[in-house]
Trainee: 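Would you mind keeping the following structure in view while I ask a few things?
Protein chains get the first letters and strands the later ones, always in sequence-line order, with residue 1 at the start of each. What you see is a predicted model, and the numbers here were worked out from it, not measured in a lab.
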Number of protein chains: 2
Amino acid sequence: MTENDKLTEEKIFESATVVFINKGMDGTRMKDIADHAGINKALLHYYFRTKERLFNAVFEKIAGTMFRKFAPVFDKDLSLDDKIRFFFREHITFLQQNPGLPGFFINEINRNPERIKKFLSKIDIKSLWSMLCAQHGEELKKYNITEETLPQIMVSIASMSVFPFAARSVLEGLFGKMGIDFTQFIEERKTFAADFILKALKE
Amino acid sequence: MTENDKLTEEKIFESATVVFINKGMDGTRMKDIADHAGINKALLHYYFRTKERLFNAVFEKIAGTMFRKFAPVFDKDLSLDDKIRFFFREHITFLQQNPGLPGFFINEINRNPERIKKFLSKIDIKSLWSMLCAQHGEELKKYNITEETLPQIMVSIASMSVFPFAARSVLEGLFGKMGIDFTQFIEERKTFAADFILKALKE
DNA sequence: ATATAGTTTAACTAATGAGTCAAATATATA
DNA sequence: TATATATTTGACTCATTAGTTAAACTATAT
C-alpha cells in the first residue's frame, strides 16, 4: 500500500526530526527514533537504510527550512525599515515555535562543516545580493551602507535573532536570579532588535 | 613523584581540553585523548576515574575562562564608550585564539542545560548589575538605557561577538563566493561591532 | 479458503568503546 | 645491589548500539 507507506515513512521522518533536534546526531539512538514513531528498529532500516542517510535527509530538510526563512528579506516589496521589522517579527516567531533549531544547527555545522558548505554552494548568494542592492539602492546610500559593511550588518541581524535561542540555558541561568522571564525576553526582542538595528543604521 | 604527577595530569587535562573542544563530549573517544597525550587509556582512568569526571573538569575550566572574559566590563575604570570598544577588541581577539570555544560551548549547554545553570548559580549577577549601574548611572540615563532594555543590550553585545564564531562554517560558505575572507571579516568586526552598538545606543 | 505480496517483528551479529586488572617496568631508598 | 613503592601497560570484560535476517503477520484478490 503506497498510501500507508507514505504515512509510515513520514511518521518516521517526523520522529527522527524531533529526536535529532533534541539529542543531535551523536546523541541519538536509532531505538529512540523507533520508540518515538511507535515502531521497531528494523523498520527504520527498512525505510532509511542507515542512520547517516536518515540524518542527512533530516538535516537537508531543516537547513532548507531555516534558510527559506531568510527569503522574504529578498523578495518582499517593502521598505528597508519595514523589511527589518518584518524579519525580526517573523523570524523570532519561527524560532519560538522551533526553539531547539539553533542549538541543533550550530552543533551539526561544527561537527561536519563541509556538509553545510556543500549545501550553501547550491544557493546563488550573489544574485540575492544584487537583488537587494537594486531594491534598496537609495536607502543603502542614505544609511551609509557600503559593500564592506553590508556583510557585517547582515551577520549582526542574524546574530540578534538566533543567538539567544542557541544560548538559552545561559540566559535562563542569568535571568533566573533577576526575575526576568526568557519567554517574555524573547517576545520583547521582536521589536527591540528591529529598533536597535534601525537606530544603529540611521545617523 | 608529585612533580611528575602534576606534569602528567596537566598533560592529560590539556589534551582532553583540545579533543573535547574539537569533537564534543559525545564525539570524543578516551583513546583519542590518550593518543593526543602520548599515553594509554588506562592511565587516563588512573588520573580521572571516568570520562564524565574528566569532561566535567574540562567544562568547568572552560566555562570559567569564558565568563572571566566578561569581567573587565564590570571592573575596569573606563567610560561606557571605552568599555564597549575595549570589550569587542579583547573578546574577539580571545575568540580568534580559541575559535572552537563558541561551538563547543553551545553544543554542551544544549546537551546538558542543567550543568551551566548550576555553574551560573555561583555567580552573583545582581551585584555585577548594581556595580554597573553605580559606575555608569549618568551615561545609562543619557543613552536612555532602562532596566528593561539593559538585558536586551547585553545579549545583543554578546551575540555580535560570539555568533560569527559559532556559525563560522555557514559564513565561510556564504562568503566564499563573494570573495570575503572570514579572518578579515573577524578582524574588522572588532571595530565595526563597537561602532554599531554605540550608534544604536546614542540618539 | 488459499495463495500472494506487502508489512512488521523478535532475535541475532558484529563492532565499538568505557572501564578494570594483574603483571611489568621504572624509580627511590637503604 | 636489593627491596619497596610508584607508575605504566597490554589484554581483558562488559555494555551498548548499528545493522541483518528469517519468520510471522495482514490484507487482498482469486
Trainee: When you measure from the side-chain N and O atoms of A:R49 to the phosphate of D:dG19, is any distance below 4.0 Å, counting only OP1 and OP2?
Mentor: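 Negative; the distance criterion is not met.
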Trainee: Take the protein atom CG of A:N40 and the nucleotide atom C1' of D:dA22, then report the distance between them rounded to whole Å.
Mentor: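 Value for this atom pair: 14 Å.
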Trainee: Of A:D35, A:I33, A:T28, which meets side-chain contact (heavy atoms from CB on, under 4.5 Å) against A:K31?
Mentor: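 Of all the options given, the one that passes is A:D35.
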Trainee: Can you tell me how far C1' of C:dT9 sits from CG of A:D35, to the nearest Å?
Mentor: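 One finds 14 Å between C1' of C:dT9 and CG of A:D35, rounded.
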Trainee: With a 4.5 Å limit on heavy-atom distance, are the side chains of A:M160 and A:I197 in contact?
Mentor: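 Yes; the side chains approach each other to less than 4.5 Å.
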Trainee: Do the side chain of B:K41 and the base of C:dG19 come within less than 3.5 angstrom through a donor-acceptor pair of N or O atoms?
Mentor: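 Side chain to base: pair found, below 3.5 Å.
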Trainee: Return the value, rounded to whole Å, for the distance between atom NZ of B:K51 and atom P of C:dT20.
Mentor: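 To the nearest whole Å, that distance equals 15 Å.
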Trainee: May I have the distance from A:F48 (atom CZ) to C:dT8 (atom P), rounded to whole angstrom?
Mentor: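 The distance from CZ of A:F48 to P of C:dT8 comes to 14 Å, rounded to the nearest Å.
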Trainee: Answer yes or no: is there an ion pair linking A:E187 with A:K190, defined by an N-O contact shorter than 4.0 Å?
Mentor: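 Answer for the salt bridge query: yes.
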Trainee: Tell me: CG of B:L43 to C1' of C:dC21, nearest whole Å?
Mentor: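 Between C1' of C:dC21 and CG of B:L43: 14 Å.
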Trainee: Please check the phosphate of D:dT7 (OP1 and OP2 only) for any side-chain N or O of B:Y46 closer than 4.0 Å.
Mentor: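 Indeed, a polar side-chain atom of B:Y46 lies that close.
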Trainee: Starting at atom NE2 of A:H45, determine the distance to atom P of D:dT20, rounded to an integer number of angstrom.
Mentor: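 In whole Å, D:dT20 P and A:H45 NE2 are 7 Å from each other.
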Trainee: Tell me whether the count of non-hydrogen atoms from other residues, nucleotides or ligands lying under 6.0 Å of NZ in A:K51 goes above 12.
Mentor: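 It does: A:K51 NZ has more than 12 such atoms within range.
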Trainee: What integer distance in Å separates B:L44:CG from D:dT9:P?
Mentor: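 In whole Å, D:dT9 P and B:L44 CG are 11 Å from each other.
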Trainee: Report yes if at least one side-chain N or O of B:R29 is closer than 4.0 Å to OP1 or OP2 of C:dA18; otherwise report no.
Mentor: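 So the side chain of B:R29 is within the cut-off, an N or O lying under 4.0 Å from OP1 or OP2 of C:dA18.
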Trainee: How many Å lie between CE on B:M30 and P on C:dG19, as a whole number?
Mentor: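 From B:M30 CE to C:dG19 P: 6 Å.
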